[in-house]
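Take this structure first; my questions come after.
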Amino acid sequence: MTMPHHALEITLTRPLSSAALLHAARLLPLAANHDATRLMALLPAKTPRRALRRLRHRLGDRLPIDVITMHYPDADHHVLLNVALPSAVHAALTAQARRAAQTPERFVELALHRALAEHADQETDRLHREVRQLLAHTSPGYLLSAVGRALTRLPESPTP
């Protein structure tokens with residue numbers, strides 16, 4: 001039986017020098033972006049979590065790793081994150097999770113979902129205010145036409 005391979009993306013805290021990248025690539029094949037602040041790796045592991053942990057174990061002390069993520073969402077459309085926290089932060093997080101009767105992973109997951117939902121609500125409210133301001137000075141038809149023209153001329157549309 002073959003072991004599945006997992007595509008992992010590594011976000012670094014600073015760009016790597018060519019020598020540091022070559023040294024790390026001797027331990028594990030890596031692909032770097034144009035400024036060596038993000039790397040890609042392909043690791044065999046039974047589960048995505050094991051792949052993330054294995055990568056952190058192999059390269060964590062050799063590279064200035066900020067975050068390791070799965071490059072593709074899992075079957076539940078989630079992207080797993082691996083973030084190394086300072087021990088004091090980890091202890092505080094564990095204590096808060098315990099008080100909430102949750103695992104630290106679940107506690108962070110729920111907090112992240114709440115923060116993202118709040119950000120989405122704030123962005124929706126901001127856009128609503130800006131559209132109302134624009135409508136105070138023009139008709140809905142002109143605004144819709146201008147928005148359509150702007151959207152067709154974007155080099156690349158942003159993704160939510």
Side-chain angles (χ1 to χ4, degrees), residues 1-128 147 150-160:
M1 182 172 170
T2 61
M3 190 169 309
H5 283 70
H6 303 278
L8 307 176
E9 185 169 345
I10 306 163
T11 304
L12 303 173
T13 58
R14 61 177 168 71
L16 284 183
S17 67
S18 296
L21 180 58
L22 285 172
H23 179 70
R26 285 188 194 119
L27 300 169
L28 183 70
L30 298 168
N33 70 336
H34 71 285
D35 63 356
T37 57
R38 290 171 49 198
L39 307 172
M40 292 294 298
L42 193 62
L43 259 77
K46 289 183 180 179
T47 67
R49 286 187 195 281
R50 284 187 182 180
L52 289 168
R53 280 194 301 264
R54 185 172 292 156
L55 180 64
R56 173 81 62 184
H57 179 72
R58 283 190 189 172
L59 298 177
D61 59 345
R62 291 176 172 84
L63 297 176
I65 296 175
D66 189 17
V67 179
I68 303 171
T69 64
M70 299 300 301
H71 187 65
Y72 300 106
D74 65 11
D76 297 321
H77 306 288
H78 295 142
V79 175
L80 298 177
L81 300 174
N82 180 290
V83 180
L85 300 172
S87 58
V89 173
H90 188 269
L93 183 67
T94 301
Q96 287 180 334
R98 192 174 301 125
R99 282 192 294 276
Q102 297 170 343
T103 64
E105 292 83 7
R106 181 70 177 154
F107 184 79
V108 169
E109 180 183 358
L110 293 174
L112 186 57
H113 280 285
R114 282 191 303 272
L116 290 172
E118 183 178 333
H119 174 74
D121 289 345
Q122 290 172 351
E123 183 67 3
T124 299
D125 290 345
R126 182 188 68 78
L127 290 172
H128 178 75
V147 168
L151 290 175
T152 59
R153 292 194 172 112
L154 289 177
E156 182 179 319
S157 298
T159 55

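Just so we're clear, the structure is a prediction, and the values are computed from it rather than from any experiment.
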Point-to-point distance, once rounded to the nearest 0.5 Å, from CG of D121 to CZ of R126: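 Result: 13.5 Å between the selected atoms.
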Hey, which of D35, L39, T37, L30 is the one that makes side-chain contact (heavy atoms from CB on, under 4.5 Å) with L16?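 Output: one option passes, namely L39.
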Just wondering, more than 12 heavy atoms not from H78 lying within 6.0 Å of its NE2?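 Atom NE2 in H78 is crowded, with more than 12 foreign heavy atoms closer than 6.0 Å.
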With side chain to side chain contact (heavy atoms under 4.5 Å, CB included) as the test, would you mind laying out the steps for E123 and L127 before giving the verdict? CA-CA 6 Å; E123 183 67 3; L127 290 172; 4.1 Å; yes
Using a cut-off of 6.0 Å, state whether more than 12 heavy atoms not belonging to R38 lie near its atom CZ.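 No, the 6.0 Å shell around CZ holds no more than 12 heavy atoms from other groups.
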Just wondering, do T69 and T11 contact through their side chains at under 4.5 Å, heavy atoms?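 No, too far: nothing below the 4.5 Å cut-off.
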Identified side-chain contact (heavy atoms from CB on, under 4.5 Å) counterpart of L43 within the set M3, H5, R54, R50: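 So, applying the side-chain contact (heavy atoms from CB on, under 4.5 Å) to L43 and each of M3, H5, R54, R50, only R54 qualifies.
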Measure the OG1-NE2 distance between T124 and H128 for me, rounded to the nearest 0.5 Å.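 Answer for the OG1-NE2 pair, T124 versus H128, is 10.5 Å.
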So which atom in L110 and which in Q102 form the shortest heavy-atom distance, rounded to 0.1 Å?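 Scanning both residues completely, I find the closest heavy atoms to be CD1-NE2, 3.2 Å.
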Evaluate side chain to side chain contact (heavy atoms under 4.5 Å, CB included) for L8 paired with M40, printing each intermediate quantity in order. CA-CA 6 Å; L8 307 176; M40 292 294 298; over 6 Å; no
Distance from E105 atom CD to T94 atom OG1, nearest 0.5 Å?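 Result: 8.5 Å between the selected atoms.
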First locate atom CG of L81, then atom CD1 of I68, and finally report the distance between them rounded to the nearest 0.5 Å.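 Interatomic distance, L81 CG to I68 CD1, rounded to 0.5 Å: 10.5 Å.
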Heavy-atom pair with the smallest gap, counting every atom of L55 and A41: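 Shortest heavy-atom contact: CD1-CB, 4.4 Å.
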Can you confirm whether L12 sits close enough to I65 that some side-chain heavy atom of one is under 4.5 Å from a side-chain heavy atom of the other?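 In contact.
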About how many Å separate CG of L28 and CG of L63, when rounded to the nearest 0.5 Å?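 Going from the CG atom of L63 to the CG atom of L28 covers 9.5 Å.
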Sequence neighbours left out, what passes side-chain hydrogen bond (donor to acceptor under 3.5 Å, both in side chains) with R56? Give chain and number order.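 N82.
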Rounded distance (nearest 0.5 Å) linking atom CD1 of I10 with atom CG of N33: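 Nearest 0.5 Å value for the CD1-CG distance: 11.0 Å.
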Do any N or O atoms from the side chain of H6 and from the backbone of A45 form a donor-acceptor pair under 3.5 angstrom?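 Yes; judged by distance alone, with no hydrogens or angles, the pair exists.
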